[in-house]
Each structure stands twice: as structure tokens, then as C-alpha cells.
Amino acid sequence: MSVECRFAIISDPHITLPHTVWDHPSRVHLVEVSIPALETVLERLSALDLDFLLLPGDLTQHGEPENHAWLAKRLAQLPYPAYVIPGNHDVPCLEANAQSIGLADFPYFYQAFGYENPEQLYYTCLLKPGLRLIALNSNTFTDEGKQIGWLDDRQLIWLQAVLTEFPTDLKLVMIHHNVVEHLPDQARHVMGRRYMLGNAPTLVSLLQAAGIHLVFTGHLHAQDVACHQGVYDITTGSLISYPHPYRILHLQAAEEGQYRLQIQSERVEAVPGWDALQQTSRDWLGLRSPSFMLQLLTQPPLNLSLAQAEPLVPSLRNFWADVAHGDRIFDFPHFPPAVRQFFNRCSAIDETGQPRLIDNNTTLVLKK
């Protein structure tokens, strides 16, 4: 069956009503712009003939019930369907507390946005004839109460059943945690693996066997398109972090046995009270980057001493902002060779070292 649709992705909007703003000196998220940024994007999207909207998690600041309620009410006003999943910020605790909802509460706020069965934290639905969404929950709590990115056995069994039950539908997968590495050795680096699904290889193997190529993620707050074993992980940056992006995608049939996904990325340049949002946001990240960069340099695999790392930190002031922007080429020729090589590998390059600028605007041609 030939499928064609146009849809949008808004990730990690971290909706924060003004009286719920949680402030901290090291906070890197501009939650103050969450609602006006979302309204700006929704106004722009209203001019498009969209089939649906995807929101791959971190819908709220810290799982506050009133922030969830506000977003659900706003999504209900859209002229097209919206589908959501929980991010780690949406369900920061297993059981509800004075600040946040509990994990099992999430579907009850969003029954109109995919969770027809609110007793289950994952779902599948038909987007259009022949096109199916599989929406997964990657938030799990250990026996000690620690939140991790993981698909439990029950969900994996459910997923296998869905793949068997609907073998001919073209399938899109949405999950909060990354399933393909977007940075070198992300799954093994102490700072990078927190953004990865802990059992990502299991999920990727299932998707590969089922011929599923497209996974839409969030969490990393970066614009990046990565591929492993034929599975593309298209992660979209946060609406409240530089460069305040969102995506518009056009899916259509290509040649016999193929389909095409055109990806277009847009930015929120300004909102009321924040006329220079892009520059302000970039500077905001830069001011808060030194401690992050120092950790990156002194932990594995670089393992630099403080004396070696500290002189390099000023050169890395805008490193994360550039990673978040996507399609950046890095080179720090004055760095020691091993350190220079590490950061060079963070560039938007292919296996041969040539530029491959696909993080923001590109067209992927895939087999059905």
C-alpha cells in the first residue's frame, strides 16, 4: 500500500507554567520560554496540512500534574492528532509525590494522544491506512528506585507480538532514549550512556529483523541523525534549549519497494521578551559549559589530569551548543593528538571522514 503523509516533531518542550519554574544556578534549560516557544511552533504548524504531530518525551519540567494537564488541554485544541510518550522528566519517580506524577499516572493525562488503554505505558495505533506508530516507554525504575532507560521484558514481548500481528504496515517507532549512538562511544561513556537505552542492541535487533528503519527519539537535546544496522535514530533537539528546533517531515513512496523521508528542520528565533533567543540561548549554554567540559576531559576515555584539562576548557565553551545545532565539523589543532582526534570524531562525518550534513535537512531513501 502506498503511504504519504506530512508530520511534525516537537521534542523535549519541558512545559513549565510560570509559577512552577524551578530555578537553579546550573540549570541549562530555558524553561521560561517553554510555553511561548510551543505556541510559536503550533502557530507555524497551523499553516501546514499536517497529518499528525509526534512528541517523543520530556513534555514537562519535572512531571508536575498541572504542567501535564496544561499540555494535554493545549494538544486537544489541535486540528490534527498528536501522539506522546513519557520522558525521564515526565515521570521522575515511580510513585507520585508532592511535586510529580508517578509512572503509572502518565497515560491517564494523555488518553486522547495514543493511550486509549491507560493501564499500559506503551501503545500502537494506525496513523493512516498502511502506516503504524509504535510508541514505547523507556522509563524503568530499579529495585533501589533509580530511574534508567530500559525496555522491560513485558514490553519487549508485547512489541514482538505487534510486529507479528501487523507485518505489512509501514512502522514508525517513537521512544525517548536514544537507540543508536549519536556521539562516539556514547553507550560506553559515563556521561553519554545516560541518554542511551540500556538494552538498545536488543531493540535494534528486533527492529532490523522486522524491516523497521525509522526511530524518533529525544532526550539528548541535540539535532542528529544516526544509523546502525539499517536503523535510523532521528533525535530532535529540545524546544527550550539552543537552537530551539523542531522538524517537519514528508513521508512518501519512492521507487518500487522503497519509500522516501524528507526531513526539514526549523528554529524558534524569538519569543516575546526574548528577541535574541538564539544568541541568548547559545551564550547561556556556553556560560554553563566549563564544569561539563572538565568532566568530559578528565573521565574515560580521555582521562586527562586537571592540570592537562583546564587549559583546554575555554576552547570548548561552545562545543555542546555546536553539537546541539547539528551538522558541525570540529577541529582543535592545538589540542594533544588523542584529544584532538576524540573531538574530531564528534563531527558530522561519514565512515571515510567526509562531511555528511544530514542532521537538520536531508532526504532518506529506505526499503519497505
Side-chain angles (χ1 to χ4, degrees), residues 12 24-29 88 146-150 176-201 204 217-229 233 235 237-238 241-243 281-360:
D12 297 66
H24 190 278
S26 62
R27 174 167 60 90
V28 297
H29 305 153
N88 56 303
K146 181 182 178 182
Q147 187 183 36
I148 60 173
W150 193 266
H176 186 60
H177 289 74
N178 302 151
V179 302
V180 173
E181 291 184 330
H182 293 277
L183 295 167
D185 302 317
Q186 182 182 347
R188 293 177 290 279
H189 194 282
V190 67
M191 297 177 69
R193 62 176 175 246
R194 60 176 292 199
Y195 298 99
M196 293 286 301
L197 184 72
N199 52 346
V204 169
T217 69
H219 197 28
L220 189 60
H221 287 213
Q223 291 285 98
D224 197 78
V225 176
C227 184
H228 179 63
Q229 296 181 351
D233 182 329
T235 193
S238 170
S241 295
Y242 178 83
S281 182
R282 183 176 172 85
D283 290 344
W284 180 279
L285 275 181
L287 285 170
R288 285 152 180 77
S289 69
S291 62
F292 175 84
M293 290 298 117
L294 203 59
Q295 290 182 63
L296 185 64
L297 291 166
T298 56
Q299 292 179 355
L302 294 175
N303 293 312
L304 299 185
S305 68
L306 278 176
Q308 293 171 315
E310 285 177 340
L312 307 182
V313 168
S315 298
L316 295 168
R317 173 188 173 93
N318 292 317
F319 171 73
W320 183 249
D322 287 334
V323 168
H325 182 280
D327 293 324
R328 295 303 202 200
I329 305 298
F330 298 103
D331 188 22
F332 300 94
H334 59 293
F335 281 11
V339 182
R340 180 185 181 184
Q341 183 182 27
F342 174 85
F343 286 103
N344 285 359
R345 290 177 59 213
C346 297
S347 299
I349 54 177
D350 62 19
E351 295 81 1
T352 68
Q354 297 301 308
R356 191 182 188 209
L357 308 183
I358 65 170
D359 294 335
N360 288 292

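The shown structure was predicted, so the numbers you read here are calculated from the model rather than taken from an experiment.
Side-chain N or O atoms of Ser281 include one that pairs as donor or acceptor with a backbone N or O of Tyr242 at under 3.5 Å.
Residues Asn178 and Asp224 have side chains not in contact (no heavy-atom distance under 4.5 Å, counting atoms from C-beta outward). With contacts defined as side-chain heavy-atom distances shorter than 4.5 Å, the pair Leu306/Leu294 qualifies. Side-chain atoms of Phe319 and Ser289, non-hydrogen and from C-beta on, never get closer than 4.5 Å to each other.
From Arg288, atom CZ reaches atom CZ of Arg317 across 10.5 Å, with rounding to the nearest 0.5 Å.
The two residues Asp12 and Gly218 have their closest heavy-atom pair at OD1-CA, 3.5 Å. Of all non-hydrogen atoms in Gly237 and Gln223, the two that sit nearest each other are N-OE1, 2.8 Å. Minimum heavy-atom separation, Leu302 to Leu296: CD1-O, 4.0 Å. The minimum heavy-atom distance between Pro311 and Pro314, with the atom names listed, is O-CD, 3.6 Å. A pairwise comparison of heavy atoms in Ala187 and Glu181 identifies N-OE2, 2.9 Å as the closest pair.
Considering Thr217, Leu220, Leu197 in turn, Thr217 is the only one that fulfils the side-chain contact (heavy atoms from CB on, under 4.5 Å) rule with Asp233. The residue from His182, His177, His219, His189 that alone fulfils the ring-ring contact (aromatic ring centres under 6.0 Å, His included) condition with Tyr195 is His219.
Within the structure, the side-chain hydrogen bond (donor to acceptor under 3.5 Å, both in side chains) test picks out the following pairs touching residues 290-312 (sequence neighbours left out): Ser305-Gln308.
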Passes side-chain contact (heavy atoms from CB on, under 4.5 Å), Leu297 versus Leu316? Steps please. CA-CA 10 Å; Leu297 291 166; Leu316 295 168; 4.0 Å; yes
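Using the six-membered ring where Trp is involved, His334 and Phe332 have ring planes that are perpendicular, over 60° apart on the 30 and 60° scheme.
For Asp350, there are no salt bridge (charged side-chain N to carboxylate O under 4.0 Å, His left out) partners, not counting sequence neighbours.
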Identify each donor-acceptor pair in which a side-chain atom of residues 320-331 lies under 3.5 Å from a protein atom, sequence neighbours left out, and give them as a table.
{"residue": "Asp322", "atom": "OD1", "partner": "Arg282", "partner atom": "NH1", "Å": "3.0"}
{"residue": "Asp322", "atom": "OD1", "partner": "Arg282", "partner atom": "NH2", "Å": "3.1"}
{"residue": "Asp327", "atom": "OD1", "partner": "Ile358", "partner atom": "N", "Å": "3.1"}
{"residue": "Asp327", "atom": "OD1", "partner": "Asp359", "partner atom": "N", "Å": "2.9"}
{"residue": "Asp327", "atom": "OD2", "partner": "Asn360", "partner atom": "N", "Å": "3.2"}
{"residue": "Asp327", "atom": "OD2", "partner": "Asn360", "partner atom": "ND2", "Å": "2.9"}
{"residue": "Asp331", "atom": "OD1", "partner": "Arg340", "partner atom": "NE", "Å": "2.7"}
{"residue": "Asp331", "atom": "OD1", "partner": "Arg340", "partner atom": "NH2", "Å": "3.2"}
{"residue": "Asp331", "atom": "OD2", "partner": "Arg340", "partner atom": "NH2", "Å": "3.0"}

